[in-house]
Participant: 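Let me begin by handing over the structure; questions about it come next.
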There are 2 protein chains.
Amino acid sequence: MELRQLKYFIKAKELLNFTDAAKALNISQSTLSQQIKQLEEELDILLFNRIGKRIILTEAGEMFSEYALQSINKANQGLLLLKDLNNLNTGKITIGVIYSMRIPFAKALIQFARRYPNIKIQVVFGTTKDLLEKLELHHFDFVLSFYERTKQPHLKYQTLLSSNMVLVTAKKSSLAGKTSISLKQVAELPLALPFSGYSTIQFFVESFSQKKLNPNICMEINDIPTLFEIVKTGHWHTILSETSVNDPHVVGIPIEGKNMRRTIMIISLREAYEKKAVKKFYELMTGIQI
Amino acid sequence: MELRQLKYFIKAKELLNFTDAAKALNISQSTLSQQIKQLEEELDILLFNRIGKRIILTEAGEMFSEYALQSINKANQGLLLLKDLNNLNTGKITIGVIYSMRIPFAKALIQFARRYPNIKIQVVFGTTKDLLEKLELHHFDFVLSFYERTKQPHLKYQTLLSSNMVLVTAKKSSLAGKTSISLKQVAELPLALPFSGYSTIQFFVESFSQKKLNPNICMEINDIPTLFEIVKTGHWHTILSETSVNDPHVVGIPIEGKNMRRTIMIISLREAYEKKAVKKFYELMTGIQI
DNA sequence: TAACATCGATCGATGGAACCGATTTAGAGA
DNA sequence: TCTCTAAATCGGTTCCATCGATCGATGTTA
């Protein structure tokens with residue numbers, strides 16, 4: 001039993017005339033006769049009753065035709081689905097993003113979603129550690145995160161952009177006019193930092209201790225908008241990647257030092273299949289200045 | 001696209017290894033490679049990613065496989081229908097049964113086999129979870145099992161009978177005369193329970209913990225006749241569905257509580273073709289008091 | 001790191017199947 | 001009885017599913 005035979009059968013059932021059906025199928029009448037006969041032999045039952053020169057469907061043929069049609073339809077639906085997939089009219093991608101990338105990522109996301117409205121997108125914000133763990137479990141197609149010291153061989157890394165670490169302070173603050181600030185000066189200010197689960201800040205704590213500085217950390221808050229509220233008072237300051245800063249009432253002052261630039265990477269599993277939609281997302285992100 | 005190719009594809013998807021799949025299909029590896037490639041060319045998309053000597057399913061392959069499988073299934077169902085139409089007196093049915101139903105099921109089985117001696121019957125005992133998984137893969141015509149909390153829309157459920165949970169104890173035991181027993185009393189007895197893979201006992205563990213009882217579970221044994229041997233000593237007791245109890249040396253004492261009745265269901269795939277022989281089996285089971 | 005085992009891809013050969021045109025067979029209508 | 005038409009059948013051709021052998025790549029073991 002092959003789909004070809006089922007298609008022949010269905011056409012013959014529709015027209016109830018082998019000669020016409022053969023013409024419609026662009027095959028010869030003899031071929032159709034033979035294929036129907038072969039199908040009947042395999043099924044061990046007559047699908048058509050030959051009454052004189054007319055053919056009529058048998059009960060078996062009537063019942064079987066429903067399944068034959070459904071079988072053909074299912075195969076065709078699969079074909080249609082793939083055509084859709086090729087045109088990016090279907091599919092789903094899941095992305096893990098660190099919160100520092102929220103603002104630039106949102107721009108890319110909006111562009112992508114406009115361009116490919118039929119692709120479902122799932123976004124999960126989290127810490128680098130969490131996201132990478134879930135990536136290993138195939139929960140994400142890719143992760144946007146800072147570069148970690150150790151590259152792992154089973155992961156694929158694509159550089160997206162570099163971002164400077166900045167001291168975030170209120171616009172009305174006396175510091176606001178500076179074009180840069182040293183780590184030593186930062187250590188003397190009252191700080192409200194992001195929660196230490198975030199790699200941004202882990203990295204910073206190390207930088208302080210390397211220089212034997214003792215920063216004045218007053219608070220740790222796991223929410224950047226709230227941090228901004230604190231900073232806006234002008235009493236406290238915070239440290240973030242410059243990609244995180246877009247509030248009109250605060251400014252970011254680049255921190256001096258060659259290690260104060262961090263690299264944003266697209267990280268994915270090396271051996272995983274790369275969906276077409278994901279490739280498009282990469283192109284969009286690396287192409288535009290996000 | 002032919003059914004042959006779809007079947008090859010599905011087997012390759014299952015085993016994720018062309019060599020093994022070819023063996024299972026009784027064709028050569030080269031044939032399989034070529035046919036898969038041909039299918040991919042016709043669909044104009046890769047179904048497998050070849051990474052070194054490994055193959056993994058692509059997104060397209062994953063999505064297409066569902067339709068491929070359904071196409072194959074529909075054709076097979078049509079075939080089944082015709083075989084059925086040809087002769088009710090031959091054929092084969094395959095049934096999955098939970099062990100608790102062993103005794104009442106055996107009665108129905110004997111009756112059916114006497115009545116339709118030409119129908120081959122294959123019976124597989126297993127846990128509810130195993131059986132339902134195999135049902136999804138079309139390995140069974142139907143499954144006899146306890147009712148699970150969540151009905152799934154693609155399955156068909158027919159109530160067969162209700163069965164009380166009983167404490168099984170030796171006939172010589174001092175408890176043997178009781179007409180019922182509370183869960184609290186049960187928790188104080190030394191228990192030898194069926195292996196926790198069985199849904200019977202999972203259900204019971206939940207009941208104990210809901211009432212904050214701490215049962216004294218001394219053993220878990222994956223074989224009911226062996227459990228009876230343990231129970232016959234009079235030192236230990238077990239918990240089973242009353243349908244499991246037919247040993248002359250033990251008795252079952254109904255456990256009190258409105259949740260202590262469990263419903264036995266006939267569970268089958270909603271969209272699958274229902275063989276005539278299977279319908280007869282349903283009639284026999286629901287008709288007689290098994 | 002060198003030898004080996006294993007997997008998928010590819011090649012050339014072959015048998016069988018799909019297909020065709022021509023012919024035969026057999027109802028239906030005149 | 002003759003004619004028309006539609007399905008079945010026959011013989012020949014083309015195509016393709018299949019195979020075994022081999023290649024190249026990759027992972028494993030000594």
Side-chain angles (χ1 to χ4, degrees), chain A residues 1-58 60-61 65 68 71-72 75 152-156 269-273, chain B residues 1-58 60-61 65 68 71-72 75:
Chain A
M1 183 166 26
E2 293 296 342
L3 284 174
R4 171 175 30 79
Q5 295 169 318
L6 298 182
K7 285 173 191 165
Y8 291 177
F9 165 58
I10 292 298
K11 184 56 79 179
K13 182 213 155 181
E14 279 172 23
L15 301 181
L16 284 178
N17 178 314
F18 281 8
T19 309
D20 293 351
K23 273 180 198 154
L25 292 163
N26 285 317
I27 57 171
S28 72
Q29 172 262 318
S30 71
T31 301
L32 183 61
S33 267
Q34 289 172 49
Q35 287 293 302
I36 295 286
K37 186 178 181 182
Q38 189 176 312
L39 182 58
E40 289 175 328
E41 275 168 11
E42 183 181 346
L43 299 176
D44 198 24
I45 203 161
L46 282 183
L47 298 170
F48 294 100
N49 266 332
R50 281 77 164 172
I51 302 180
K53 52 205 282 187
R54 285 224 310 276
I55 55 167
I56 58 169
L57 258 189
T58 61
S65 69
S71 176
I72 295 165
Q152 295 190 282
H154 63 291
L155 297 181
K156 198 174 87 177
L269 287 171
R270 193 173 287 282
E271 89 278 10
Y273 170 71
Chain B
M1 183 168 22
E2 292 297 340
L3 284 174
R4 171 176 28 80
Q5 295 169 318
L6 298 183
K7 285 173 191 164
Y8 290 177
F9 165 58
I10 292 299
K11 183 57 79 179
K13 183 214 153 179
E14 281 173 20
L15 301 182
L16 284 179
N17 178 316
F18 281 6
T19 308
D20 292 354
K23 271 180 200 153
L25 292 162
N26 284 317
I27 58 170
S28 74
Q29 173 262 319
S30 72
T31 300
L32 183 63
S33 267
Q34 291 174 55
Q35 288 293 300
I36 295 283
K37 187 179 180 182
Q38 189 175 312
L39 183 60
E40 287 175 330
E41 274 169 11
E42 183 181 347
L43 300 176
D44 197 26
I45 202 159
L46 282 184
L47 299 170
F48 293 99
N49 244 347
R50 282 76 162 173
I51 301 178
K53 49 203 278 186
R54 282 216 314 274
I55 53 169
I56 60 171
L57 210 56
T58 62
S65 69
S71 176
I72 295 166

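Hydrogens, waters and symmetry mates play no part in the numbers below; they use all other heavy atoms, side chains included. Proteins get letters first, then strands, A, B, ... in listed order; numbering begins at 1 in each. Since the structure is predicted, the reported quantities are computational estimates derived from the model, not experimental observations.
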Participant: Can you name the residues that form a side-chain contact (heavy atoms from CB on, under 4.5 Å) with B:Gln34, not counting sequence neighbours?
Facilitator: B:Ser30
Participant: Residues two or more places apart in sequence or in another chain: which of them pass side-chain contact (heavy atoms from CB on, under 4.5 Å) with A:Gln35?
Facilitator: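 A:Gln35: side-chain contact (heavy atoms from CB on, under 4.5 Å) contacts with A:Arg4, A:Gln5, A:Tyr8, A:Thr31, A:Gln38.
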Participant: Taking atom P of C:dA26 as reference, at what distance in whole Å does atom CD1 of A:Ile55 sit?
Facilitator: 18 Å
Participant: Calculate the interatomic distance between A:Leu25 atom CG and C:dC20 atom C1'; express it in whole Å.
Facilitator: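 It works out to 15 Å between those atoms.
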Participant: Which residues satisfy the side-chain hydrogen bond (donor to acceptor under 3.5 Å, both in side chains) test with A:Glu2, sequence neighbours excluded?
Facilitator: none
Participant: Mark up nucleotides 18-27 of chain D, 5' to 3', with B wherever a protein heavy atom is under 4.0 angstrom from a base atom, S wherever such an atom reaches only the sugar-phosphate, and - elsewhere.
Facilitator: BBBB----BS
Participant: Per the salt bridge (Lys or Arg N to Asp or Glu O under 4.0 Å) rule, what does the pair list look like for residues 34-44 of chain A, sequence neighbours excluded?
Facilitator: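 Passing the test, one end in residues 34-44 of chain A: A:Glu40-A:Arg50.
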Participant: Determine which pairs satisfy ring pair (Phe, Tyr, Trp, His ring centres under 6.0 Å) with at least one residue from residues 19-44 of chain B, sequence neighbours left out, and list them in order.
Facilitator: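 Ring pair (Phe, Tyr, Trp, His ring centres under 6.0 Å) check on residues 19-44 of chain B returns no pairs.
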Participant: Between the axis at one end of the helix from C:dT1-D:dA30 to C:dA30-D:dT1 and the axis at the other (five pairs apiece), what's the angle to 10 degrees?
Facilitator: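 So the angle between the two local helix axes works out to 30°.
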Participant: To the nearest Å, give me how far apart NZ (A:Lys23) and C1' (D:dA6) are.
Facilitator: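 It works out to 11 Å between those atoms.
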Participant: On the nucleotide C:dT6, are OP1 or OP2 found under 4.0 Å from the side-chain N or O atoms that B:Asn17 carries?
Facilitator: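 No.
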Participant: First locate atom CZ of A:Phe9, then atom CG of A:Leu32, and finally report the distance between them rounded to the nearest 0.5 Å.
Facilitator: 11.5 Å
Participant: Could you identify which residues of residues 40-49 of chain A place a heavy atom less than 4.0 Å from some atom of DNA chain C, listed by residue number, or say none?
Facilitator: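 Result for residues 40-49 of chain A: none.
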Participant: Whole-Å distance between D:dT9 P and A:Gln38 CD?
Facilitator: 14 Å
Participant: Could you tell me the separation between the CG atom of A:Leu39 and the P atom of D:dA8, rounded to a whole number of Å?
Facilitator: 13 Å
Participant: What residue pairs, at least two apart or across chains, pass ring pair (Phe, Tyr, Trp, His ring centres under 6.0 Å) with a residue in residues 14-46 of chain A?
Facilitator: A:Phe18-A:Phe48
Participant: Closer than 3.5 angstrom, by distance alone: can the side chain of A:Thr58 be matched with the main-chain N or O of A:Leu46 as a donor-acceptor pair?
Facilitator: yes
Participant: Could you state the interatomic distance from CG (B:Leu3) to CG (A:Leu3), rounded to the nearest 0.5 Å?
Facilitator: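 The CG atom of A:Leu3 is 3.5 Å from CG of B:Leu3, to the nearest 0.5 Å.
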Participant: Output the rounded distance in Å from NZ (B:Lys37) to C1' (D:dC16).
Facilitator: 15 Å
Participant: Can you sort out the partners of A:Lys156 under salt bridge (Lys or Arg N to Asp or Glu O under 4.0 Å), two or more places apart, ordered by chain and number?
Facilitator: A:Glu274
Participant: Whole Å only: how far is the CD atom of A:Glu2 from the C1' atom of C:dC19?
Facilitator: 16 Å
Participant: Among all residues two or more places apart in sequence or in another chain, which pass the side-chain contact (heavy atoms from CB on, under 4.5 Å) test with B:Lys11?
Facilitator: B:Glu14, B:Leu15, B:Ala21, B:Ala24, B:Leu25
